[in-house]
Amino acid sequence: MTPHADDAAVEDRAGVPGLRLATGGSTARGEDMDARDDQERNLPVDRNQAILEAAKQVGAILKREGHPFALAGSVAVYAHGGTGNLQHDVDFCIRPEDADAVAGTLRAAGLTVFTPPEDWLLKAGCLGQQVDLIFELAHRPVDTELLERAQELSVDSVRMPVLSPTDLLRGLLASFSEHHCDFGAVLPIARILRERVDWELLRRDCGAQPMPAAFFFLLERLEVIAPPHDEPSREQ
């Protein structure tokens, strides 16, 4: 993947190589900038912006080193036009066979990377935010085909591959279970992405499971999606 000109604008607030701050042209101007930086450090942290900055930095590192990946999670929804109300972390999909190399790259860039008890992801820290490096999505290993379906989009001025809307929804539907079934969190995402999702494909992949089937029924009743083609409409 070739670097994009926008990548140079990412700030280096965590000492990550290749991500630089612009420098001032005079000492006086530099002092003014230092004073402003001191003031900004005393302001409350905007959590959404901090998550975006972490996504941009990690995405820029992975791009620069040529690792195949795709942005996932709430930041991916944001990149597809969703709201800026982001969740608690940043998610990237990587192939299982690339996990060690990706971890080495991030450690070399100064980030902390560790292996949690779950055997389907790595975790890293960037700008005080948690970054999940996922190599199993929707109970399937992340593969080249999934990453090739990703779309290159701008994430707050940094371009990177982002999971397709259909793959994003598939991952969310596959996470539903008797112990975790938060339709309220996924419903707004389905509304936002509905025109770009292959719902027939998702029905074939997930519709036999009780929780996704219930979610499809809810979407139909709310007229977010149409009933399957082989079913008569409810008015009939």
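Quick caveat, the model's predicted, so the values are computed rather than measured.
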**Q** Which heavy-atom pair separates H80 from L193 by the least distance, and what is that distance?
**A**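 The answer is CB-CD2, 3.6 Å.
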**Q** Consider side chain to side chain contact (heavy atoms under 4.5 Å, CB included). Of N48, D156, L52, which one does V75 pass it with?
**A**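 For V75, the side chain to side chain contact (heavy atoms under 4.5 Å, CB included) test succeeds with only one of N48, D156, L52, which is L52.
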**Q** Tell me whether I134 shares a hydrophobic cluster with F92, the cluster being built from Ile, Leu, Val, Met, Phe, Trp, Tyr side chains joined at under 4.5 Å.
**A**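 Different hydrophobic clusters.
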**Q** Can you tell if the side chain of V186 reaches within under 4.5 Å of the side chain of L169, non-hydrogen atoms only?
**A** yes
**Q** So, for R170 and L202, which heavy atoms are closest and what is the spacing to 0.1 Å?
**A** CB-CD2, 3.6 Å
**Q** Transitively linked via ILVMFWY side-chain contacts under 4.5 Å: L218 with L173?
**A**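 As far as the 4.5 Å side-chain criterion goes, L173 and L218 are connected within one cluster.
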**Q** To the nearest 0.5 Å, what is the distance between SG (C181) and CZ (F215)?
**A**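 That separation rounds to 9.0 Å.
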**Q** Give a yes or no answer on whether the side chain of K56 reaches the backbone of R159 with a donor-acceptor pair at less than 3.5 Å.
**A**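 Not at all, since once roles are kept as given, no pair shorter than 3.5 Å links the two residues.
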**Q** For F135, does the six-membered ring have the charged nitrogen or CZ of R95 within the cation-pi criterion, i.e. under 6.0 angstrom from the centroid and within 45° of the normal?
**A**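 Because its charged atom misses either the 6.0 Å distance or the 45° angle limit, R95 does not stack over F135.
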**Q** Contact between D167 and R149 at the side-chain level, heavy atoms closer than 4.5 Å - yes or no?
**A**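 Heavy-atom side-chain distance check passes, below 4.5 Å.
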**Q** Are the side chains of E220 and P228 in contact, using a 4.5 Å heavy-atom criterion?
**A**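 SC-SC contact between P228 and E220 confirmed.
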**Q** Rounded to the nearest 0.5 Å, how far does CG of L168 lie from CG of L163?
**A** 5.0 Å
**Q** With side chains defined as the heavy atoms from C-beta onward, is the minimum distance between I94 and P68 less than 4.5 Å?
**A**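 Answer no - side chains too far apart.
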**Q** Can you name the one residue among L133, L122, I61, V58 that meets side chain to side chain contact (heavy atoms under 4.5 Å, CB included) with V102?
**A** L133
**Q** Is the shortest side-chain heavy-atom distance between T166 and L201 below 4.5 Å?
**A**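 Side-chain contact under 4.5 Å: yes.
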**Q** Heavy-atom distance under 4.5 Å between the side chains of Q57 and L106, does that happen here?
**A**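 Not touching, per the 4.5 Å side-chain cut-off.
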**Q** Just verifying a value: how many Å separate Q49 CD and L127 CG, rounded to the nearest 0.5 Å?
**A** 10.5 Å
**Q** Please round to the nearest 0.5 Å and tell me the distance separating atom CD1 of I192 and atom CG of L187.
**A**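 If we round to the nearest 0.5 Å, I192:CD1 and L187:CG are 9.5 Å apart.
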**Q** Side chains of T105 and H67: does their closest heavy-atom pair fall under 4.5 Å?
**A**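 Yes, at least one pair of side-chain atoms sits under 4.5 Å.
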**Q** In terms of hydrophobic clusters joined by side-chain contacts under 4.5 Å, are V162 and I51 together?
**A** yes
**Q** Roughly how far apart are F176 CZ and M211 CE, rounded to 0.5 Å?
**A**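 With rounding to 0.5 Å, CZ (F176) is 9.5 Å from CE (M211).
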**Q** Report the distance from atom CD of E148 to atom OG of S164, rounding to the nearest 0.5 Å.
**A** 12.5 Å
**Q** D91 and G73: which non-hydrogen atoms are nearest, and at how many Å?
**A** OD2-CA, 3.6 Å
**Q** In terms of hydrophobic clustering (I, L, V, M, F, W, Y; side-chain heavy atoms under 4.5 Å; direct or indirect links), are L86 and L153 co-clustered?
**A** yes
**Q** Begin with the C-alpha distance, continue with both residues' side-chain angles, and end with the deciding distance and a verdict on side chain to side chain contact (heavy atoms under 4.5 Å, CB included) for E53 and Q129.
**A** CA-CA 9 Å; E53 291 294 333; Q129 306 305 310; over 6 Å; no
**Q** Whether the side chain of H139 engages the backbone of A174 through a donor-acceptor N/O pair (distance < 3.5 Å, no angle test) should be reported.
**A** yes
**Q** Tell me, yes or no, whether the heavy-atom count around D182 atom CG, taken from other residues, nucleotides or ligands under 6.0 Å, exceeds 12.
**A**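 Yes.
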**Q** Shortest non-hydrogen contact from P161 to A150?
**A**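 Answer, listing the atom of P161 first, then A150: CB-CB, 4.0 Å.
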**Q** Looking at every non-hydrogen atom in both residues, tell me the closest pair between P212 and C206 and how far apart they are.
**A** CB-O, 3.4 Å
**Q** Determine whether E118 and D132 satisfy the following criterion, side chain to side chain contact (heavy atoms under 4.5 Å, CB included), listing intermediate values before the conclusion.
**A** CA-CA 11 Å; E118 300 86 354; D132 287 350; over 6 Å; no
**Q** Minimum heavy-atom separation for D89 to Q130, with atom names?
**A**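 So the minimum-distance heavy-atom pair works out to CB-O, 3.2 Å.
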**Q** Run the side chain to side chain contact (heavy atoms under 4.5 Å, CB included) check on L219 and W199 step by step: do they pass?
**A** CA-CA 11 Å; L219 293 179; W199 293 106; 3.8 Å; yes
**Q** Are the side chains of L222 and R191 in contact, using a 4.5 Å heavy-atom criterion?
**A**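 Heavy-atom side-chain distance check passes, below 4.5 Å.
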**Q** Do you reckon F183 sits in the same ILVMFWY cluster as I189, going by side-chain contacts under 4.5 Å, direct or chained?
**A**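 Linked within one cluster.
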**Q** Please lay out, stage by stage, how T115 and K123 fare under the test side chain to side chain contact (heavy atoms under 4.5 Å, CB included).
**A** CA-CA 6 Å; T115 303; K123 290 184 178 289; over 6 Å; no
